[in-house]
Structures are given as structure tokens and as C-alpha cells.
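One structure is given here, and the rest of the page talks about it.
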Amino acid sequence: MTFSFGNRKQRDILLQAVFLAVILTMLLIAVMTTRRNLEIQGLSVGWSFLNYATGSSIVFSLIDYDLDSSFARALLVGFINTLFLGTISVSLAVLLGTVIGTARLSSHKLVKSIAGVYVQIFRNIPLILQAFFWYAIFVNFPSPRQAIAVQGGFFISNRGIFFPMFNIEAWYLLAAIALFIIGSVISVTVARRTGRGSSLVGILISLALACIIGYAGRLADTPLFDMPQPKGLRFLGGGTMTPELGSAIVAIALFGASYVAEIVRAGFLSIPAGLIEAAHALGLGNWHIFWRIRLPLMIRRILPTMTNQIIWLMKATTIGIAIGFPDYFGVVANSINHSGQTISLIFLLIIGFWAINMTISFTMNAINRALALPGHKK
Amino acid sequence: MTTSALAIEVDGLCKYYGAHQVLHGVNLTVKPGEKIVVCGPSGSGKSTLIRCLNKLEEHQQGRIRVLGTELNDEIDNINEIRREVGMVFQHFNLFPHLTVLENCVLAPMLVRKIDRKTAEEQAMTYLERVKIPQKAKNYPGELSGGQQQRVAIARALCMKPEIMLFDEPTSALDPEMISEVLDVMIQLAQGGMTMVCVTHEMGFARKVADRVIFMDQGKIVEDAPPADFFDNPQHERSKLFLSQILGH
Amino acid sequence: MTTSALAIEVDGLCKYYGAHQVLHGVNLTVKPGEKIVVCGPSGSGKSTLIRCLNKLEEHQQGRIRVLGTELNDEIDNINEIRREVGMVFQHFNLFPHLTVLENCVLAPMLVRKIDRKTAEEQAMTYLERVKIPQKAKNYPGELSGGQQQRVAIARALCMKPEIMLFDEPTSALDPEMISEVLDVMIQLAQGGMTMVCVTHEMGFARKVADRVIFMDQGKIVEDAPPADFFDNPQHERSKLFLSQILGH
Amino acid sequence: MRAETMTATTEIQAPALNDSLLDSVRRDYFSSVGRTILTLVCLALILSALWFLVNWGLVNAVWFGTPEDCHKAAGACWAVITDRYRLIFFGLYPYEEQWRSALACLAILATVILSCVPFFWSAKRLPVLWALGYGLFYFLMKGGVFGMPVVLETQWGGLALTVFVFSSTVVIGMPLAIVLALLRRSRLPVVSTVTALFIDGIRSLPLLSILFTAAIILPLTLPGFLVGDKLYRVIIGAAVFFAVYQAEIIRSGIQSLPAGQEEAATALGLNYWQTISRIVLPQAFRFALPPTINQVVIAFMETALIVILGFFEITASGNAAFSTGGWKPFHTEVYSFVALIYFVFTYSLSMYGSYLERSMKLGLR
Amino acid sequence: APGDTLKAVQARGALNCTSSDGNFEGFAEVDAQGNWHGLDIDYCRAVATAIFGSDDKLKLIPISWAQRFPSLQSGEIDLVIKASGWLFSRDTELGLQFSMPYFIGVTTFMAHKDLAAKSLADLAGGTVCVAGGTSTEKLVSDYIKEKKYEVKVVTFEKNTEATAAYFANRCDAYAEWGPIVAATRATSGDPESHDILSDALALEGEAIVMRQGDDNWVDIANWVIAAQRIAEENGVTSKNIDEMKANPPNTVVGKLLGVTPGIGTRLGLKDDWAYNVIKKVGNSEEMYNRNFGTESRYKLPRALNSLWNKGGVFYAPVLD
Ligand SMILES: Nc1ncnc2c1ncn2[C@@H]1O[C@H](COP(=O)(O)OP(=O)(O)OP(=O)(O)O)[C@@H](O)[C@H]1O
Ligand SMILES: Nc1ncnc2c1ncn2[C@@H]1O[C@H](COP(=O)(O)OP(=O)(O)OP(=O)(O)O)[C@@H](O)[C@H]1O
Ligand SMILES: [Mg+2]
Ligand SMILES: [Mg+2]
């Protein structure tokens, strides 16, 4: 068969081949240029630096780390920090955003306008400036010696917020919390889906299991709670939220909430008015309509947008670098400076964020699929 | 519920959207067990009228008494009325995140405080009456339009209303599905339900209506038994409308 | 354009969406000037069939000849056919960002390379023919459904096509507007245009169709003059369908 | 058509049934216990916020003076702004030439404002407008013509740099976004898959890491003649990032067109480019307008991130303003001032966006 | 390109040198008019003047601490003059080359007075703010570890943020290189409320940093520094330089100022380069005084940074 440009199928094949060729050539040129440039400067790209000691310290770490730890360890610290900061601040953003988004549709005009002002202010100022601002607030708390003591063993100072902690090994604690959350979610869903049984039973069972796990991980010979005690310039015991972590959380949560609020509001507004009317016509009260009709429908409608928003907020954790929180990006940037391994480290940075994203999209899509309504078209 | 000689009593009803008046002093009475068909050109205020009857819209002037209770601003009063008045919409408005059965038991459980088991049993009898019990566990999205509309009727019936309002229940349906919905409605009418029904299905009107009401520009122009209305319309506008509808 | 004894010639047409076959060997011929009405239940493949005729859908087996040219993969050939075949859709599909007049002159100017002035003059004559010249400067959003559909017909006519395809042109319209569109179509038919028309307007079919084609499950089940089809349908399925459509 | 009349008319007041102001206040704010509590909490919130702001920002504030004056006062130290506003606005730009920087910002501002006027919304007018505004900006800033001395990019700073990075991001990013969106929608599976991979890949990275890569990796990977100034590389990075997000917005704009639009154009015999340029894109842009404006606002705010790469945009010049001359303790005032500048820009843009959204709901369809 | 940095710079017609991304007191700071000042900036000007005869072809590129070496490696800048210490790891692993140091200092700490701390040992449980990615960070971390102090190091992307955090009481102490600490304290608005602690960490020499493999380029950097010291040793200043050139007091000055030819060509420069540098930027003493000493806001004594014959540690190689 001879080739003819007028023939659609043949032309399509040709176009695709050209497209691929152009892209591959560009990639090839980039790789070759890089090699040559590196060679000229006598630099080598490799991974051996990962085992060298960093010689620098990291102010916030959930796992053991010191000066002699390797770059690999430092990167792990940064990655865990990003996950930690991201999980907390994004969850808070979603919760707060849902409340504010709902408030924006309130029939109470004051509530509505406060929510509106909130959204406008926090949406329209760059996150990095907000982070600077909250950081300034956090470091202007009184010094540890004059720390504000709050009932129940909490202390607020410019070195951070100190709070009581379980005397339970970290991993056990984590497992217990995860188990409780997952267990409750599953039992609520199952109860809803089947319409049989009470979700309370399931929640109680998972709570009991969580307690057992927590008991197994208890540190021997210690009280259940580890209370922070003032001592000199610091507090001993308990948990600490450093100003860097605290202000990063507050900044991202408040900033994110303003975006989430808009999504939630749009989600509520996109529910066909007819459904709400039908609910009214059946005699359902506002409270029931909200929990049984509007909320579940809103959640389903916003899930895809919310996935993007969560990913976006997760990426926003990189502003940690501006206020000294050692997130993944910050640790990578610092490591580049200390090791000079720019290319390898940027590669690791990209892989790290891809991994985070994949996980989020995967989870959210799974949730989306689980909640998807059979036969319901978008 | 106070019993009364009249199921619905509308007197000088005026309704505005902003400055735009859509109902101009409508008067209407419906006796218990009566079946009324409302028709008229698009925008004439048919939907607005029947939506005022269960207070989905607020009226500005005139009075509406449903089952002997006057509709006013008290919330208790509204919900009491809505419990007794079922409504079926053009676009079904089933709750897409609930199964057919859940759609039917939701309101009885939450509003009438019936326990789930009784509510489900009762829902199944109504689903059987609309000939769709086998879809109880399906979601509305999995049903055809005609099936959805029949579920919507069953859902309204589960509240055991005294009056049923229908707003063009068949106009969003494909031609073949219209009859299955009309069949259910006819059966319901024959069971003695009080019905106010906006529709352009003239076959249905002829068959079951006690009176046909023709509206135009927010007023009731003609109010007559179907035989008179179809064969001998009094007003120019009704004539024009009938010729267009029944046309070709 | 080669002239041919037949305007459209479809031979053993099969069409798949993925693995799902929607047309099962359809055969159909349309002579120049002939008017065909296609009907059948939802999902039977009516739209798919007429969309294959101007290659909005690609077919997998069988051959289609339109105005003597076989539809194949050559791009020139496709564009030439589309120029000669006008199409009117259920949902009008007017371009909302262009005025009525711009809607009508766009394709003649871009495809037929007519200058704006001539194109506008010609468009006005067609707009007059569909009785809507006064709306030339309006945007589609400002028109009623019936008016929009008439503009859509005018827009297709502006390309001076030899064949017109209609896909349920009245089914998205309010009852009162149907007749104004049907009137235009009847007038067009009387003007001698070759027409293939998917519709459930049986009055129209009776009046203008040379043949009625009844499709079911991707096959042509019955192909008969309207008088035979309506009064004496041959097949069970056609009978059932007719009873549903004309029912109540 | 129904929705249209609804939104159009609900604004007008109905002849209300016996409803006085007092009644409506009572109904809206005090009709139940919950509502009353809510009202009181809200009032307390509003009043205390106002009280603090007025006291700190106005009553006890120092407007002119030295750091010493500020140390004594209890309120805000606006003196740092009045003393150093030129540094904040113009950064490292040569002192005598700063009028050029100011004019240049005005040029871009005018361009942005003009492009909000529907008259300019055409494929011909908008590019011309931007080419003019942008060219004016560039010549004013860079100089070398009409006897204005040359000022290198490394000396650009403050608001002008922010504005430059922002407008270049949009000017380069927007056409790129269109191209990406069309490629992603391509019928050809290879093309659409590769583009989708590219878009999703970039989208999953933080902007900071892209800027970082553009600043320090690109020079290694690009042939020498392509490297260019760091500023331009960073702009390209920001533009690509903007484009991948914007491409998805345009794509969903295209998808929200009824499928019939493209079919109707095809059925009329229009070819691919005619369909895209005359039918699809003009409509897709209308659908995409609100999210596009949102994205533009985000792009504007994200220019603040280049401070981390060592550029002297407005956040950094703000930093510089308070970190010498004894103004160190007064960063809050500087940050508030910078935040206010951002807010004025972004808020007016988002207001315009929601205005458009409302007017489109009325106008279209 | 390596081996030809000078040629590349001349062909480009501009020298790309680092400036700061914020303020680094005494070394690189912006004034209210947006002009750069400081010792590092002066060295950039000196190198530019040596090459082009004046400093108007100097391009000062704001670069953060974290990016200075990557930017150097990528060819974005020709040399880093950004208070960068000469460290073994940088010299070897990063593929960098250092000139002889032009400034030395001891890393010290400043702490809030109300803590009444004499040394870091008194700050048990406290925190120290430092700029991240710097040699200070490494030195301080090592020191704390070695002494087993219970002090936490808090790092920031920029020095500006580290000092801001210290002043906002985020940290009990601030660590930087001595002169900077002193300057920061002097300009804090309230110097009395901050104490310099007794701890003195390793002496660190700051040098001009270049890519490895271009010896001539390193020579230029070294001899620019050297020329200013030779000038100071011989009493040549920017003010008297024209008299000196008219009749050189000795052969060294004659060579230095290009009266006797030869100083330029062997570096690939013109013979009057050193003359230009001293005329426009000054000798090493003038540079110090302008940025840290008597003529500056900081008024720091020169001490170790003096020439050997005035009690310091610096000297010039022999110009023969
Ligand atoms: N929410 C609203 N806001 C403003 N105007 C409205 C609203 N709802 C309806 N209208 C207007 O009120 C008038 C009557 O509307 P209504 O829906 O009652 O007519 P209808 O007879 O039911 O028409 P259709 O046959 O199209 O359903 C119309 O002019 C319509 O435009
Ligand atoms: N794009 C598509 N992808 C997959 N299946 C399709 C697609 N379009 C149509 N179908 C299927 O093809 C079959 C025929 O569809 P078609 O639209 O031709 O029916 P129709 O007779 O026009 O029905 P209607 O009266 O509802 O318009 C249906 O089963 C439909 O689900
Ligand atoms: Mg209606
Ligand atoms: Mg069809």
C-alpha cells in the first residue's frame, strides 16, 4: 500500500511517529548535554554520597537523627516530616474548610459574612507571607520560664507548645490510632450500607483493640501520661510542637481551609435544587436534610476537586523551608548545598513527591469508587 | 388534622418573584377525593400554584387552607402540612445516594418516627403497588426514567398523604415510558386519592379528572369538567392551546 | 459531485462501540427527493445510523455511498460529503457565542469560501423561509427552543446541501413549539429536498414520508409506506411500539 | 432560560407581607436560642478584631520617625514603611531611575485592567494589547533607548519584578496551556498519552522544586546557547507550571461544551482548526473564565516563592527593608504592607472573576 | 568554560558575581536606595575592575546561600564571593577551588542578656539560630556535639530569617561568624541586651570560590587580593595612587602599578589592572575600614584581619 497524506489512518500514524521522534530527540540532547557539562566540570552523578555523614543538624525529627547520620537518613527525616506536616495540616484544612464552606451558605447573615471575609482574606495573601506572619506570632509567645500554663499539663512558649503524651512507643501509638480510625470508618460505612446493626458496636470494638495495642507498647515502669515539666530553658518530657511545625500547620490549614471552603460551597450549590425541594416536600427538617441529603451528596460531588486540592496543599508544605521547618524540600535543598549532588538530589525530590501524589490519588480514587453511585452519571 | 369539607381552599392567591407577579389572584377549591388536572402554556404559573400548596414557595397575598389549616409562617404548621401532602416532580428528584428502598423509608422513619422494619414493610407494599418491588435494592441511577418516576410516587405514598400533587410527572420521560407512569397514576386515582396534577397528557385528563383547570398568565382562565373543556372550550386562549397541543 | 441514481446507499452496515454492536447489517437506499422517516424504540440505533451517513461516526463493516461517493478514510472525500449533507440535531446545537446570522454564515464563508456579503444575503433568505428574519442579530440564548431549531434548519440549508438529516428535531421542544418546527420541515419536504428524518411525530410521518423505517436492536425491522406501516404493521415489535406511542 | 430570569429578578424586593425592619432583625438574628448565641458570638468576634486592629494599626501607631520612636510606642510602626517604601517597591533598581520602574508597573497594570474589558476579548486584540503593554514594560525597565541608561535584569526588584515574573508567566503560559490542552485531547493515542504523562508529572511536583530545577539544573541540561539568564529560566519554569494547571482548566472548559457543538461544526464541514478556533475555544474560554482567573490569582501569589531562589521581588525587598537600619523588630508591619499590596491585586482580580461568573450566568444560554 | 573563564567573561563583557538575597551585615547589604555595599561586594568590584578597568561591567546576582555552589557549578556565576569558608568537603567533594582567604573570623554566639549566660554551657535546654547550609551550621553542630551540650540548633534558609528569629526570642542564642555577630549586635537597636558568649569556635577563613580546573582564574583572584595587600604594605592608597604612579617609591610599587610592565600580561590582563583596582576600590585597609572599621556603622577593630606587621595574620605573596 502506498502512503498517502490524505488518508486519515496513515496520516495519523505518521504524525504520531514524528511526535515521538521529536520528544525522544529532545530528551536525548538533554541527557548528552548534561553528561558533557558534568564531565567538563569534573563532577560525577552518583549515589555514594547518600552514605556520608551530613554534619548538619535537623531541628525537627520524628526518628533518630544526629550529626553523624547519613544523607539518606536526613532525607528520610525530611520525607517523614513532610508527610507528618501534610497529614495534620491538610486534615485540619479539610475540616475547617467544610465548616466555613457550610457557614458561607448559612441563613444567618453575620455568620455568612464572617465566613466570607475569612475566605477572602486567606485566599488572597500568598501562603509564604502567611507563614511568615504565623511564625512571628509563634515566636512571640513568652519564653519557657514564663510559659503560659494551660489546665491539663499544656504549656505555651516561644519554644513551642508542650503537651502531655502517652508513655507508649511511637509505632504502637501510631498503629493504635490508625486502627481506631480505620475501624470506625469501616463500621460506620458498613452500618450505613447494609442498614443493619449499629455503628457504635464497631467503633467500640476498634477502640478496645486500639487500647490493647497501646497497652502492648507501653513503656515499662512509667505512668500512662508523660507530663511536660519546666526545667531551665525548656521542658522535659511530654510532646512538643515546635514553633516551626506549629506555624506551618496553622498557615497551611488556614490557607487551605479558604480553598476547601470554596469547594465545599460550590459542592453544596451544585446539588440540584429539586432534591432539596423533594426533601422539604416529604416534610424533612433542615437538620435531617443537611445530614442525610446535602452533606452526603456534597461529599460525592467534591471528591475529584478535593483530590486535586489535597495534592496541592501537600505540595504547599514546601514553604516550610521559609520558616525553618525541615520538610523534604528543605532537607533536599540543604543536602544539595552540603553535598553538591544537585542532579541526584533533585531526582530524589521528584520521586518523593510523585510517590506522595500517587498515594493520595490512589486513596482518593478508591474512596471515590467506594462512594460512587451505581448507574449515576455525572 | 382537622377535618374539613374542603381538602384545598385557595383564595385570592398572589405570588411575586421580586417585582414580577406570577400569580394574579387565583381562587381554587378541591374537595376530598377530587382529581384536578391543571394545564396551560409554559410560564403560566401552574408549577408555582401547586408549589404554593405545600409551601415550597411562599405567597405574598391571599390565603391557602390545606386540610383545614391555613398556611402561615409557623414552621410546625408547614411541616405538619407537608406530611399530609405528597408531591411528585417532573424530574423525579429521587435521592441518588440512597437505594430505592432507602428513599422510601427515609421520611417515614425521620418524620413519622416509624421504626425501620415497619417502614420497610410498608415501603415494599407501595413498591409493589407501583410494580417495581424487584428494584428495591438498586440505586435510582440504575433505573429508567419511568421506573424512577414510579419510585417517586411510591416514596410520596409512603408518607400516607391525604393529597397528592403532581408537577408534569411524565414530561421528562421517553414516549414509551409515559404509559407505565400514567397507569400507576390512574390506579391511584381510582383508589380515591385527592389529586392535583399539572400535565399535558390529555388522555389522562379525560379519563380521570373531575375538573380541568386552564391557566394563562397567572390566572385561572377556565375551570370545567373534562368533557366540556375538551369539546367545548369557552375561551380563545384555551381553544388556541388545545389546538396546538392536540394539533397534527 | 458525481450524480447517481441513488442519493444514499447503505449496504450491510455494521457499527460497534468497542465490543458492543449497535448496528447489525443495515441495508437502506434513498432516492433523490425521497423523504424517509426512521422510528423505533430508544437505543435501537436510529441516531447511530444517520450519524454514519455523514461520518460523524465511523462504521466498521459494510459500505455507505452518499451521492455516489463511497465513504472511506480519505479526508478530502469526507469533507466533500459533509458539505452536501446537512444535519439538524435534537438539541439544536446552535453556537451560543455567535448571533443567529453569524451561525448561518460561518460555514458558507469558511467552507464554501463565499464572501461575507453574499453569505449574509443568502442567510437572510433562508431565515425568512424559516420565518425568523427579525431575530438575525440575536443570540441563540435569547430564542425559544422552537425558534432555535428553525435557525438550526436555516443554518444547515445555508450550505445548500443535497440531503438533509434530522435527528429527533422536535423531541426537545415544548408541545406548543413542535408544530412551528414541523411546519418548516413540511415546507422543506414539499420543496423536494431529500430527507432522512428520525422522529416520533407520527402525524408528520403520515403527511410527508415516502417510507417509514422501523428499527429495533440495530436492525431495520420494517420498511414500508406510511399508510401500510401505521394501519397494518407487519411485525410484532412494530405493533407494540405503535400501540405505546399512540397509546392513551 | 428559567435560571436566567430567576437570578435576574430575585434581587428586586417583593411587596412583603407585613414585614418591618424590627421583625426581620428578630427573625434573622434572634428567632431562637441557638441563633441568638450565634449572633452574640459573631458580634464579639467582629468587635474584638476591630478593636485590636484600630488600636494597633491606627491609634497607637507611629507613622513617621526613627526605630527609636517605634520602640517607645505600643502600636504598629508604619515609620518603617514611610522611611523605606522605595526599597520595598523598587528593590535594587537604581535610585534615580525608579520612576521608570513605577511607570512600567503602571503599564502592566493598565494592560491587566484593559484585558478585563470585553472589547479586547478577541484572538486578535488581546495578543496585540499584551504585546504593547509588555513591550512598554520591558523597554522602560531595561532602558538603552531614548537616552535611558541600561538597567540589567539582576537589578530589577520589588513590585516591578513581581509584576514582570507574573505577567511573563501568564503571557507564556497561556498559549502553552492551549497547546497542551489540545494535545491532551488529541485523537492520536500516542500524543494524548505522552501529553497526559507530562501534565500529570509536572502537576504532582511542588512549584518550588520546579523553580529550583529551572534555576540550577537547566543550565546543565541545556545546550549553552539556550541557557539564558536565571530570571528567564525561572519564568519558564513558572510558566510551564502555570500551563499544566491552566491546560486542565481549558480542557475541562472544552469538556463542558455540549458534545453537540463540535459535532454540529463537523457536520457543517468545518475542519479541525476551524472548529477549534471558531467554535470550541471561544466557548471553552467562557466556561473556563472563572477558574482561569482563580489560577491567575494563584500564579500571582506564587511569584512570592521566588524569594527562596534569591530574587529581589517584593517579599524579598520587604525583607531587606526591615533587616538593616535598626528596623529589625518591625517585620510584622512590613509583611502586613506587602500582604496588603498582594491583597489589593488579588482581591480585585477575584472580585472581577466572580462578577464575570455572575454576568455569564445571566448572559450565556 | 573551564580554563577560559577569563575569556568567557571578556567575551560576555560582564562579570557575574554573587550578591546576597538579603542582608549580610558588613559583607553584602542593600541601602535604602537599593545599592549594594559590603566587603564581599567590594571584592566583586575589585575583580571586575581588574578585568575591565572599571566596575560598571559587574553584574551582581542575588543568590541564596543554598544556591551559591550549584549556581557556580552550572556556570551561572563566575565566582562566589559570599563569606564562604574554605572547607575540606567543599574543596574536595564539591569540585570547588578556593583563593587565599581574604577575611578570617571566629564563630561566636550572641545570647539574650536576661538569660545571664556566660557561655553556651549555661544554655542547657536552649536553642541556637543559624543560617542553614553554611559552614557555621556545621561548626556549631559539631561543637555542640563534641561538648555534649543540650542545645538545639535551629536552621533557616537565610541569615535574615535566622536573626529575625533570634530577635523574636525564638532562640536563646544566635551563632554566626564573629564579625557578623558583632555587627548584628551593634545594629540591633539595643546592643546592651545581648551578650557575646565566651565560646569561640574554629577560626574560619573566607575565600573567593571558583570552579576547579581553571588555574588562571584562581591566579587572578589571588593576585587581586594580593595586590591590595601589597599596596597597603607600601602605603599606596586610592588617594595617593596617582602620585605613587608618577614616581614609584620602590620597584615593587612600580611593578604593581604597571609602571614597569609585566604584571598584567602573565594573567591575561592589562598592565594597569592593579592600578585600577586600588584607584577605584582601594587597598585592603581601606576596604576593611569602609565596611567594618572606622568608616562603617559597626566600628569593629581590625585585629586578626590586619596585615602581619600590624598584628594580624594576613600577608602578601612576593611580587617579583
Ligand atoms: N424562582 C423563580 N424566580 C423568578 N421567576 C420565576 C421563578 N420560578 C418561576 N418563575 C417565573 O414564574 C412564571 C411562572 O412559572 P411556572 O414555573 O409556574 O410556570 P409553568 O406554568 O409551570 O410553566 P412550565 O410549563 O414551563 O413548567 C414564569 O414566568 C417563570 O419565568
Ligand atoms: N458513544 C457511544 N458509546 C457507546 N455506546 C453508544 C454510544 N452512542 C450510542 N451507544 C449505544 O448504541 C445504541 C444505539 O444508540 P442510538 O443513540 O443510535 O439509539 P437511538 O435509537 O437513537 O435512541 P434514542 O431514541 O434514545 O435516541 C444504544 O444502545 C446506545 O447505548
Ligand atoms: Mg412547570
Ligand atoms: Mg437518538
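Lettering of chains follows the sequences in order, A, B, ..., and the numbering in each one begins at 1. All values below come from the heavy atoms of this structure, side chains included, with hydrogens, waters and symmetry mates left out.
In this structure, chain A has no heavy atom under 4.5 Å from any part of D:Val41. Heavy atoms of A:Tyr259 lying under 4.5 Å from chain D belong exclusively to its side chain. Residue contact with chain D, scored on non-hydrogen atoms closer than 4.5 Å, involves the side chain of A:Leu129 exclusively. With a threshold of 4.5 angstrom between heavy atoms, A:Ile350 approaches chain D through its backbone and through its side chain. Contact of A:Arg35 with chain D is not made at all, since no heavy-atom distance falls under 4.5 Å. Neither the backbone nor the side chain of D:Glu248 comes within less than 4.5 Å of any heavy atom in chain A. Contact annotation for D:Thr39: both backbone and side-chain heavy atoms come within less than 4.5 Å of a heavy atom of chain A. Neither the backbone nor the side chain of A:Ile137 comes within contact range of chain D; no heavy atoms are under 4.5 Å apart. For chain D, the nearby part of A:Ile23 is the side chain; its heavy atoms alone come within less than 4.5 Å. Within the 4.5 angstrom heavy-atom criterion, atoms from both the backbone and the side chain of A:Ile125 approach chain D. With a threshold of 4.5 angstrom between heavy atoms, D:Val297 approaches chain A through side-chain atoms but not through N, CA, C or O. For D:Arg203, the parts sitting under 4.5 Å from any heavy atom of chain A are the backbone and the side chain alike. Neither the backbone nor the side chain of D:Phe300 comes within contact range of chain A; no heavy atoms are under 4.5 Å apart. In this structure, chain A has heavy atoms under 4.5 Å from both the backbone and the side chain of D:Pro189. Contacts between A:Ile346 and chain D at a heavy-atom distance below 4.5 Å involve the side chain alone, from C-beta outward.
With contacts defined as side-chain heavy-atom distances shorter than 4.5 Å, the pair D:Thr221/A:Thr34 qualifies. Looking at heavy atoms from C-beta onward, D:Leu207 lies out of side-chain contact with A:Thr318 at the 4.5 angstrom threshold. With contacts defined as side-chain heavy-atom distances shorter than 4.5 Å, the pair A:Leu349/D:Phe212 does not qualify.
What you find for D:Val190 and A:Leu20 is that their closest heavy atoms are CG1-CG, 3.6 Å. The minimum heavy-atom distance between D:Val191 and A:Gln16, with the atom names listed, is N-OE1, 4.3 Å. Here the shortest heavy-atom pairing between A:Arg123 and D:Met301 reads O-CE, 2.9 Å. When all heavy atoms are compared, the tightest approach of D:Ser209 to A:Phe329 is CA-CE1, 3.8 Å. When all heavy atoms are compared, the tightest approach of A:Gln120 to D:Ser350 is OE1-OG, 4.5 Å.
The number of heavy atoms from other shown groups lying within 6.0 Å of CZ (A:Phe347) does not exceed 12. Counted within 6.0 Å of CZ on A:Phe362, heavy atoms from surrounding residues, nucleotides or ligands total 12 or fewer; the atom is thus considered open. More than 12 heavy atoms of other residues, nucleotides or ligands sit less than 6.0 Å from atom CE of D:Met351.
A distance-only check finds a donor-acceptor pair linking the side chain of A:Asn357 to the backbone of D:Ser204 [under 3.5 Å]. In terms of modelled atom types and a separation under 3.5 Å, the side chain of A:Lys315 and the main chain of D:Leu208 share no donor-acceptor contact.
In this structure, A:Phe132 and D:Tyr335 have parallel ring planes: the angle between them is below the 30° cut-off, well short of the 60° mark.
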Step-by-step side chain to side chain contact (heavy atoms under 4.5 Å, CB included) determination, D:Leu183 to A:Phe19 = CA-CA 11 Å; D:Leu183 285 181; A:Phe19 182 81; 4.3 Å; yes
Show your reasoning for whether side chain to side chain contact (heavy atoms under 4.5 Å, CB included) applies to A:Leu110 and D:Leu38.
-> CA-CA 9 Å; A:Leu110 281 180; D:Leu38 214 54; over 6 Å; no
Should D:Leu205 and A:Trp354 be marked as a side chain to side chain contact (heavy atoms under 4.5 Å, CB included) after you check the CA-CA gap, both sets of side-chain angles, and the distance that decides it?
-> CA-CA 7 Å; D:Leu205 296 177; A:Trp354 272 350; 4.0 Å; yes
Taking it one step at a time, do A:Thr342 and D:Ile217 satisfy side chain to side chain contact (heavy atoms under 4.5 Å, CB included)?
-> CA-CA 7 Å; A:Thr342 317; D:Ile217 302 252; 3.8 Å; yes
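Considering only heavy-atom pairs separated by less than 4.5 Å from chain D, the leading option among A:Ala136, A:Ala316, A:Ser107 is A:Ser107.
Going from atom CD1 of A:Ile319 over to atom CD1 of D:Ile308 covers 8.0 Å, rounded to the nearest 0.5 Å.
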